[in-house]
Structure formats: C-alpha cells, structure tokens
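Here is the structure we will look at.
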Amino acid sequence: MLAFSTSRQVIRDALELLRDEGLVRRAQGAGTLSTASKVRHNFGFLHGPDGADSTIRHRVLAVNEEPAAPQVAQRLGIDTGVGCGVIDLLTTLDDEPFYACTTYVPATFLPVVSQMDAEMEWFSLYETAGIELGTTDHSIEAVVADDLVAQLLDVRVGHPLLLFERLLRDVEGIPLEYAFTRVRGDRLTLMQHLTRPTLLEAHGMPVLSPDSTG
C-alpha cells in the first residue's frame, strides 16, 4: 500500500479482479497465491490431462444408473429409457479445481469405474476392462458457469468456461461413452498440429505425380 500510495480497499478490489480472472486464489492460512499452473493439452491423440510438473487428481463425485434421456440414448445407440450409467467427476490441478465432467456409459461399464483411483487416467479404465479404444468426436464451445458448476470449480456464477462434448467409440465403432466436460479456461491451453491437404486430396481425388503419363 505504501509503495503504490493506495488504500487497502483498492488492493482488495484489484485482488478480487485477479481472482475473477483465475490468476490468483485465496488459501486459508496462506493468503493470496498465484494460480499460474496450466495444462497444455495436445489434441493430436486421445488422452487425459497431463500436468507435466503439476499434480492432476480425480475425484468421483457420484455414480448412478438412470433411464437414458433421448439425446443420450441416441448417442450411445440404446433405447430411450434404458438404464445407463452416469458418472460425475471432479479433476483438480495442484489441488485447485480444473474441470467437472459428467459421463454417460452403458450400465455394464459401471463396475469398472470402482477400479479408478485418484491419479488414474480415465481412458485407461477401458484398457483395464480389455476394451480397445477407437475414435472420438469432440465439439468445443464457450459457456458460462451455472450455480452448481461455479461451486464445484470455485468460480463465480457466469465465469467463462470451455465445454467439451465427447463421443467415444471402440475399434468396431460401438459407442462407449457420451460426456460433457466443463473446464476452467484459465487453466488450459489447447494445442494442435495441423497439415493442409491439397484440394484434390481434400476431395478424395488421386494426385498424379509430375512425371505421370496418361
């Protein structure tokens, strides 16, 4: 306060703005700390979060069996109203909330979830069950935190988040899970390595070499 000739209230307001941006956090007994840790997530292949020098932990909040809603049933390839598993998961980065995920799976997969521990990658559960993973479809959009998610992720209601919608299939194309993950954008950097095909390749047409003869 003396260094910047400002009042205690101004500093409180500045720290509150930094907290709203996800740049600092309050820790009881320790004061205000930086939350600079971020996960750099490479979307070149299917994997869970890798915090490198940070600590990633998962906590299963709830595991239930519920009748599948029409959208869930359509994605999982089951009839509406048939029982499906619903798993709610909270993941932390250096003991701070990172993302909250709700995953819908066939009910037969629920016993496998009990084998998950705090540091186990989610997708390795399938390998534990002898299931070979195939492809996944992701869609990503910007959303804001509602009351429940704000409480889980320790942000204010209306805080900007990234929503990941995921459909995972096995090697035979059978749906394995349909999931929604709400991520604190201030704790994640998305990475991709992309190439650009030629116009012919993009449309599935053969590309002739310069010395080809017709």
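As the structure is a prediction and not an experimental result, all values here were calculated from the model. Residues take their numbers from the sequence shown, with the count starting at 1.
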**Message:** With rounding to the nearest 0.5 angstrom, report the CZ to CZ distance, F98 to R57.
**Reply:** 15.0 Å
**Request:** Provide the closest heavy-atom pair for L76 versus P106 in the form atom of the first, atom of the second, distance.
**Result:** CD1-N, 4.3 Å
**Request:** Can you see which heavy atom on S114 is nearest to which on P111, and at what distance?
**Result:** OG-O, 2.6 Å
**Request:** To the nearest 0.5 Å, tell me how far E165 CD sits from H138 NE2.
**Result:** 9.5 Å
**Item:** Nearest heavy atoms of L90 and L152, plus distance in Å
**Value:** CD1-O, 4.0 Å
**Residue pair A145 / R156: nearest heavy atoms and the distance that separates them** = CB-O, 4.0 Å
**Message:** Less than 4.5 Å apart, side chain to side chain, heavy atoms only: is that true for F109 and E177?
**Reply:** no
**Prompt:** Distance from T102 atom OG1 to L61 atom CG, nearest 0.5 Å?
**Reply:** 8.5 Å
**Message:** Using every non-hydrogen atom in the two residues, find where E96 and D154 come nearest and quote the distance to one decimal.
**Reply:** OE1-OD2, 4.3 Å
**Request:** Kindly write out the residues that satisfy side chain to side chain donor-acceptor pair (under 3.5 Å) with D146, not counting sequence neighbours, or none if the list is empty.
**Result:** none
**Item:** Pairs touching residues 60-87 that satisfy side chain to side chain donor-acceptor pair (under 3.5 Å), sequence neighbours left out
**Value:** Q71-Y178
**Complete:** When rounded to the nearest 0.5 Å, the distance separating CD1 of I87 from CH2 of W122 is 4.0 Å
**Request:** Kindly say whether V149 contributes a backbone atom to a donor-acceptor pair with the side chain of R182 at under 3.5 angstrom?
**Result:** no
**Item:** Where at least one partner belongs to residues 120-129, residue pairs that pass salt bridge (Lys or Arg N to Asp or Glu O under 4.0 Å), sequence neighbours excluded
**Value:** none
**Donor-acceptor under 3.5 Å (D170 side chain, G134 main chain)** = no
